[in-house]
Student: 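One structure, as structure tokens, below. Some questions next.
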There are 2 protein chains.
Amino acid sequence: MTNADDKPPENRSKAVAPRAGRLGPTIRDVARVANVSIGTVSKALHNSGSLRKETRARVLEAVAELGFRPNELAQSLHRGASATVGLISNDSFGRFTMPIMEGLEACLAERRIAVFMCNATDDPERERQHVEQLLSKRVDGLIVTSRRADSRPRIDLGETGLPVIYVFSQSDAPGSFCLLPDDEGGARLATEHLISQGRQRIAHITGPERFEAVRLRRKGYTKSLAMAGIEYDASLCLTGSWSEAWGREAVDRLFAEPAKAPDALFCGNDQIARGALDALTLRGIRVPEDVAIVGFDNWEVLTNATRPPLSSVDMNLYELGREAGRHLMTMIDGETYGGVSRLPCTLVVRQSSQVADAKEQAGAKGIQEGHDHA
Amino acid sequence: MTNADDKPPENRSKAVAPRAGRLGPTIRDVARVANVSIGTVSKALHNSGSLRKETRARVLEAVAELGFRPNELAQSLHRGASATVGLISNDSFGRFTMPIMEGLEACLAERRIAVFMCNATDDPERERQHVEQLLSKRVDGLIVTSRRADSRPRIDLGETGLPVIYVFSQSDAPGSFCLLPDDEGGARLATEHLISQGRQRIAHITGPERFEAVRLRRKGYTKSLAMAGIEYDASLCLTGSWSEAWGREAVDRLFAEPAKAPDALFCGNDQIARGALDALTLRGIRVPEDVAIVGFDNWEVLTNATRPPLSSVDMNLYELGREAGRHLMTMIDGETYGGVSRLPCTLVVRQSSQVADAKEQAGAKGIQEGHDHA
DNA sequence: GTGAAAGCGCTAACAA
DNA sequence: TTGTTAGCGCTTTCAC
């Protein structure tokens, strides 16, 4: 019952919907301009059905003229899927979340899926609100990430069978799908590399015991020692905080008695490694000649800033994010996954662990040369 | 013409819309269960109109029973606004983008506005695609951020009068609204602080000339010197890269001739400052007794890791993000802004710039004590 | 106080 | 080949 000649309401400037003008032309407008029906416009847009060439051309012309852009909200409503996923982070978008986000976004963008960013910073109430909002917005899937020592309670999604992936975080609920780096494997890469460099007394300076990553990395470390027939010396395995200060302190302890000093350090993260390196330098101990060092995280602002540049294990978080994206897409398509999946780490060898003339060692599986961006 | 007793289609398991079950109950279902009309349910949900107490109760009961969650997509379609904004980053979600995102998200979450994250990494084509997608999703506003030396081309939004804010980035188009930290002011805080510590020969080691931030910070530095009656010595102002290596190299140059050596360093970022600090320490020059240092960015992984901890200028990026969110909300409500707005920086004083017994200096405007998280 | 119905912009099934 | 129309799930006006 609207009057057929419905003009744009230029007159009612203070109408109830002041943003109407911003919403742009609708498919109806296109139909009017092209002088065809709405259904025809839709067909022309999706290249579906059969249409006379010139009709389609006329429609596309009108589309261009009006600057028509289909309203995805309406499409989603119809389709029952929003081409949208939510990413909930508890790491305050921290250093570890970033590369994961990038990988995820890059992967999903290819299928034109958009990502809602939500920061819950370990506040259960905020998390609940975000989940609530995401469900209301009818996201097609959910990614949960966080840098946590222990596994987290699973997200409560009620009856909705919404696909969820825990990346770089673990849910305690059975059946949840978790994507993590292979900490143990990473540690083995590092330790075996040091052994291959001829080191025999390899110390491990690492973070707080309560982190599963700490326990797994130590496991990899001890396994590699065992495989090489090196006896594990508990006094060489030091647990502390994730800081440079702890790295310095640990070195002070390890090198208190020169006779018992190690000839290599495998550190739980790059900050510890840097602290250790600084402390060694201060003591006049040469790296890598006297003591070789390998860190963990491959955080380039650190690894490339030290002298010498720091070898480190890379968790390939960007790749982890991509993988999460891929899995999520197949889950959205109906697939189901569960359990913990771990992605391999890579060792990036720089000067801190390799005396110059031993360089030919590199090239083995999971090992790459560090390219220092000058 | 649908049969009134429309059952959920449990039978057609391989139907065209396999996700239908996931979409959850609709307002129609609620109406059926509560035995009222759809309109009544809506009123009950929004506490609008007048409703008998028990009717409302009945509706809410049905809502709870079914786990009904209003479909925001449908609401948005009706309302003509999506309660959604886009954030386009060209910094690959880097170190600077993170705190901005956090502030933005925190601010918008209060009004239940969700944020789409898009990473364009300085690729114009990807950026265009993202913008296109965001427009299709009918976002209510756009935030553009990037760490760039120069101003960027403005985002092309066609006819849509979509609100846009450039945060930590500048558009070359006149009329654009840009939100930036007050680099010049930050530099003045740092320089004046050093002067107040009795320093007279203050060097400035900074980044590449092509960054506007570099030029502005130097301007602040020279102004402060002038105000204090200290003559500007061009040989004390060194331009290089943003790296620790450059910080070390610059110190080597500055201290080549001990007679001409400065008694304070104001560095263009914390990495440079750290490199400088390390180089000084290596030369046996004491910080802060012999040379005081102030950095820029207040990147805590760096500032708290050095010995002594590093004083630094904080750009308050989190606050910048919040401010962007606030402005964007008022712009969505119809307000318009333009031009460049700069937010004040803060100086965080730690030990690198302040000899112990001079501590009472702190407390002035824009200056705060650095609390080192152990 | 409550119900009916017209949209919001789009798709797809069906008619013409 | 093209037009018509019934939804998608919700809000809101207007009858009753």
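A, B, ... follow the sequence lines: proteins, then strands. Residue 1 opens every chain. Nothing here was measured: the structure is a model prediction, and the numbers come from that model.
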Student: Remember a base hit wins even if backbone is also touched, and classify B:Ser50 as base, sugar-phosphate or nothing at under 4.0 Å, heavy atoms.
Tutor: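 If one applies the 4.0 Å heavy-atom cut-off, B:Ser50 turns out to touch a base.
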Student: Could you check how far CZ of A:Arg69 sits from C1' of C:dC10, rounded to whole Å?
Tutor: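 My rounded result for the distance is 16 Å.
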Student: OP1 or OP2 of C:dG9 versus the side-chain N and O atoms of A:Gln75: is any pair under 4.0 Å?
Tutor: no
Student: Just the rounded figure in Å: distance from P of D:dG9 to CG of B:Leu66.
Tutor: 14 Å
Student: Taking side-chain contact (heavy atoms from CB on, under 4.5 Å) as the test, write out the residues that go with A:Thr145, two or more places apart.
Tutor: A:Leu87, A:Ser89, A:Thr97, A:Ile100, A:Phe168
Student: Which whole-number value in Å describes the distance from B:Asp29 CG to D:dC8 C1'?
Tutor: 13 Å
Student: Between B:Arg52 and A:Phe68, who's closer to the 5' end of DNA chain C by nearest nucleotide?
Tutor: B:Arg52
Student: Taking side-chain contact (heavy atoms from CB on, under 4.5 Å) as the definition, give me every residue that meets it alongside B:Val36, ordered by chain and number, with sequence neighbours left out.
Tutor: B:Ala34, B:Thr40, B:Val41, B:Thr55, B:Arg58, B:Val59
Student: What pairs with B:Arg152 under salt bridge (charged side-chain N to carboxylate O under 4.0 Å, His left out), at least two apart in sequence or on another chain?
Tutor: B:Glu127
Student: Give B:Ser48 one of three labels, base, sugar-phosphate or nothing, depending on what nucleic acid heavy atoms sit under 4.0 Å from its own.
Tutor: nothing
Student: Between atom CG in B:Leu73 and atom P in D:dG9, what is the gap in whole Å?
Tutor: 11 Å
Student: Please name all residues satisfying ring pair (Phe, Tyr, Trp, His ring centres under 6.0 Å) with B:Phe177, sequence neighbours left out, ordered by chain then number.
Tutor: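 Applying ring pair (Phe, Tyr, Trp, His ring centres under 6.0 Å) to B:Phe177 gives B:His327, B:Tyr337.
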Student: List the steps, then state whether side chain to side chain contact (heavy atoms under 4.5 Å, CB included) holds for B:Val144 with B:Ile165.
Tutor: CA-CA 6 Å; B:Val144 182; B:Ile165 303 186; over 6 Å; no
Student: Per the atom types in the model, does the base of D:dG7 pair as donor or acceptor with the side chain of A:His78 at under 3.5 Å?
Tutor: yes
Student: For B:Ile27 and D:dG7, what is the distance between atoms CD1 and C1' respectively, to the nearest whole Å?
Tutor: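 After rounding, the gap between these two atoms is 16 Å.
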Student: Quick one: which of D:dG9, C:dC10, D:dT11 gets closest to the side chain of B:Ala74?
Tutor: D:dG9
Student: Testing the 3.5 Å rule here: is there a donor-acceptor pair between the side chains of A:Glu105 and B:His130?
Tutor: yes
Student: Go through the structure and list residues passing side-chain contact (heavy atoms from CB on, under 4.5 Å) with A:Lys137, not counting sequence neighbours.
Tutor: A:Phe116, A:Gln133, B:Glu72, B:Ala83, B:Thr84, B:Ala114
Student: Can you tell me the distance, in whole Å, between the CG atom of B:Asn71 and the C1' atom of D:dG7?
Tutor: 14 Å
Student: Using the test salt bridge (charged side-chain N to carboxylate O under 4.0 Å, His left out), find all partners of A:Glu132 that sit at least two apart in sequence or belong to another chain.
Tutor: B:Arg69
Student: Based on the rotation axes of five pairs at each end, what angle does the helix from C:dG1-D:dC16 to C:dA16-D:dT1 bend through, to 10°?
Tutor: 60°
Student: Tell me: CZ of B:Arg28 to P of C:dA5, nearest whole Å?
Tutor: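 About 13 Å, once rounded to whole Å.
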Student: With sequence neighbours excluded, tell me which residues meet side chain to side chain donor-acceptor pair (under 3.5 Å) with A:Arg52.
Tutor: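 Counting only residues at least two positions away or on another chain, A:Arg52 forms no side chain to side chain donor-acceptor pair (under 3.5 Å).
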Student: What's A:Thr55 touching, base or sugar-phosphate or nothing? Going by heavy atoms closer than 4.0 Å.
Tutor: sugar-phosphate
Student: Rounded to whole angstrom units, what separation is found between the CG atom of A:Leu77 and the P atom of C:dG9?
Tutor: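 One finds 12 Å between P of C:dG9 and CG of A:Leu77, rounded.
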Student: Is it true that A:Ser76 and A:Ser82 share a donor-acceptor pair across their side chains at a distance under 3.5 Å?
Tutor: no
Student: Can you list, by residue number, the residues of residues 35-46 of chain A that have a non-hydrogen atom closer than 4.0 angstrom to DNA chain C?
Tutor: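 Going residue by residue through residues 35-46 of chain A, the ones with a heavy atom under 4.0 Å of DNA chain C turn out to be A:Ile38, A:Gly39, A:Ser42, A:His46.
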